[in-house]
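The figures that follow rest on heavy atoms only: side chains count, while hydrogens, waters and symmetry mates do not. Remember, predicted model here, so these are calculated numbers, not experimental data. In the text below, chain A, chain B and the rest are named by the order of the sequence lines, each starting its count at 1.
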Amino acid sequence: MASITSVRGFKDILPEETAKWRYVEETARRVFACFGVKEIRIPLLEKTELFKRGIGEATDIVEKEMYTFLDRGGDYLTLRPEATASVIRAYLEHHLYTKEPLSKLYTMGPMFRRERPQKGRFRQFHQINVEFLGLDDPRIDSELIFMLIHFLRAVGLEDLTLEINSLGCPLCRPAFRDRLTSFLADKENALCEDCRRRLGTNPLRIFDCKQEGCRETIAGAPLILDYICDDCDAHFKEVQRHLDTLDTPYRVNRRMVRGLDYYTRTAFEVTTSALGAQNAVTGGGRYDGLPKLLGGPDIPGIGFAIGVERLISMQPAGAEGSNANPDLFIASLGEKARDFAYGLSNRLRASGLIAEMEFSDKGLKSQMKRANKLGCRYTLIIGENELATGNAPLRQMDGGEQRDVALSSPRDLSAILRTGKTNT
RNA sequence: GUGGGUGUAGCUCAGUUGGUUAGAGUGCCGGGUUGUGGCCCCGGAGGUCGAGGGUUCAAAUCCCUUCACUCACCCCA
């Protein structure tokens, strides 16, 4: 009978990797707390309608990548493909906007998209999301970006490129869109098959195409920045001015666009060459129309999403945390000694120390081997003799120094272990 | 959804133009040496060669199908 494996694109995160994950998550919590960003936890499952409205009916995510099913009650439900729509739903549903003029929220967890897996892309993947809701002050944009860069540096990332652009607003973007479409209208033959399709659905995305012919064609195309309205232009200039003030280097990428419909004005991306084709670690931007689109008041917002798998895969060695090594290994020879070791190790654990013991009746040599492999700081050896005399040798694994401890007073033992602990 | 690459021991991989009982390193188990662990030495266990079918006297090797993994397109974090 064939063994059962995990679902395609759904990965196990094994104990040897979880320390890295915790390190990233804990760093995020610490950094975000300094900036007054509070955690919000949202469900993994939402009504399908939320994503249809929030992300856009015509996007690939909604059209063909969502895990959607008909619930027994008759509702169509969907495993969340992103977090922003849910966060705003919760923000509106609980009227958080009545409590404070600006809500800074973060959440982290798995997202689900049924794409073909490849490097840096999985069907279940994890994001860290931050949303600043309530104000459209350009200082908010710059603060969010500043915090993002600060966080990425704090987890040890280097060689990052921050690119920003403005996508305009519902007042000025339609005009640009028309302009672009008419520019491309007579050049359709020069475009690849995909781009011809995009011409009808989402012409801005042609800027992202990697095909040689399309790149040449788009090179002469009008750019959004030349068409945005005065308000959007002023907003974008202010964002840049504040980024300068905060010493955050960036590059204006006049060709950068977004895949999701809800983005307005400021858009940004952090990329790296270390990730292969999926080179975006972070994408984000302003979405001033989204809360209203989801049935709430007209409240502005801006946010970003970090791809945690991508972030972790580009972390330099040594920057990540590690799982704690045991303080003590208790080697035992014989059933009685093993019983004693069992009682002692569990009491030590309950007192806050990390203790390991051997359950098999292997020889001392192989027990020592295991203690060494586990990276234990001390090994205590208990045999018939030790039980009789009441003293057992405690060996320091790195230095090799050895001394006897009284088995009758585990407090002494625990004191020795603790002093060592504070010293290291 | 479309294309390329790869599936041999727990892990990383050899396996020549098809040719006896399919190998190495590492890990695991046992033993020797060592002051009770790291180094070294000896021995041992472990493989439906991804799966199914075909060609052949003979298939890990050639052909077809299928599945999985992987990279890229698409899309996006």
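Residue contacts for Arg370(A): at a heavy-atom cut-off of 4.0 Å it reaches no nucleic acid atom on any strand shown. As judged by a 4.0 angstrom heavy-atom cut-off over every strand, Glu65(A) is placed among residues touching the sugar-phosphate backbone only.
Residue Thr84(A) forms a side-chain contact (heavy atoms from CB on, under 4.5 Å) with just one option from Ile55(A), Val130(A), Asn129(A), and that option is Asn129(A).
Salt-bridge formation is not detected for the pair Asp136(A)/Arg286(A): no Lys NZ or Arg NE/NH1/NH2 atom is positioned less than 4.0 Å from an Asp or Glu carboxylate oxygen. Salt-bridge annotation for Glu358(A) and Arg338(A): absent, with no side-chain N of the basic residue lying under 4.0 Å from a carboxylate O of the acidic one.
Using bins of under 30°, 30° to 60° and over 60° for the plane-to-plane angle, the ring pair Trp21(A)/His126(A) lands in the perpendicular bin.
If you take CZ of Arg121(A) and C1' of A72(B), they are 9 Å apart, rounded to a whole angstrom. Taking atom CG on Leu380(A) and atom P on G37(B), their separation rounds to 17 Å, with Å as the unit. Rounded to whole Å, the distance from CD on Glu16(A) to P on C11(B) is 13 Å. The separation between Leu364(A) atom CG and G38(B) atom P is 11 Å, rounded to whole Å. The distance between atom CZ of Arg8(A) and atom C1' of G50(B), rounded to the nearest whole Å, is 15 Å.
A close approach under 4.0 Å does occur between a side-chain nitrogen or oxygen of Lys11(A) and OP1 or OP2 of U70(B). In this model, the phosphate group of C29(B) is approached by a side-chain N or O of Lys362(A) to a distance below 4.0 Å at OP1 or OP2.
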Working note: Gln396(A) + Arg403(A), criterion side-chain contact (heavy atoms from CB on, under 4.5 Å); need CA distance, chi angles, decisive distance, verdict. CA-CA 9 Å; Gln396(A) 203 169 337; Arg403(A) 67 172 115 174; 5.8 Å; no
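Residue-to-nucleotide contacts include no donor-acceptor pair under 3.5 Å from the side chain of Lys369(A) to the base of U36(B). Taking 3.5 Å as the limit, the base of G37(B) and the side chain of Arg395(A) contain a donor-acceptor pair of atoms between them. No hydrogens or angles were tested; on distance alone, a donor-acceptor pair under 3.5 Å links the side chain of Gln118(A) to the base of C74(B).
For the P atoms, the distance linking G38(B) with U33(B) amounts to 14 Å, nearest Å.
Minimum atom distance to the side chain of Arg198(A) is reached by C75(B), of the listed C71(B), C75(B), G32(B).
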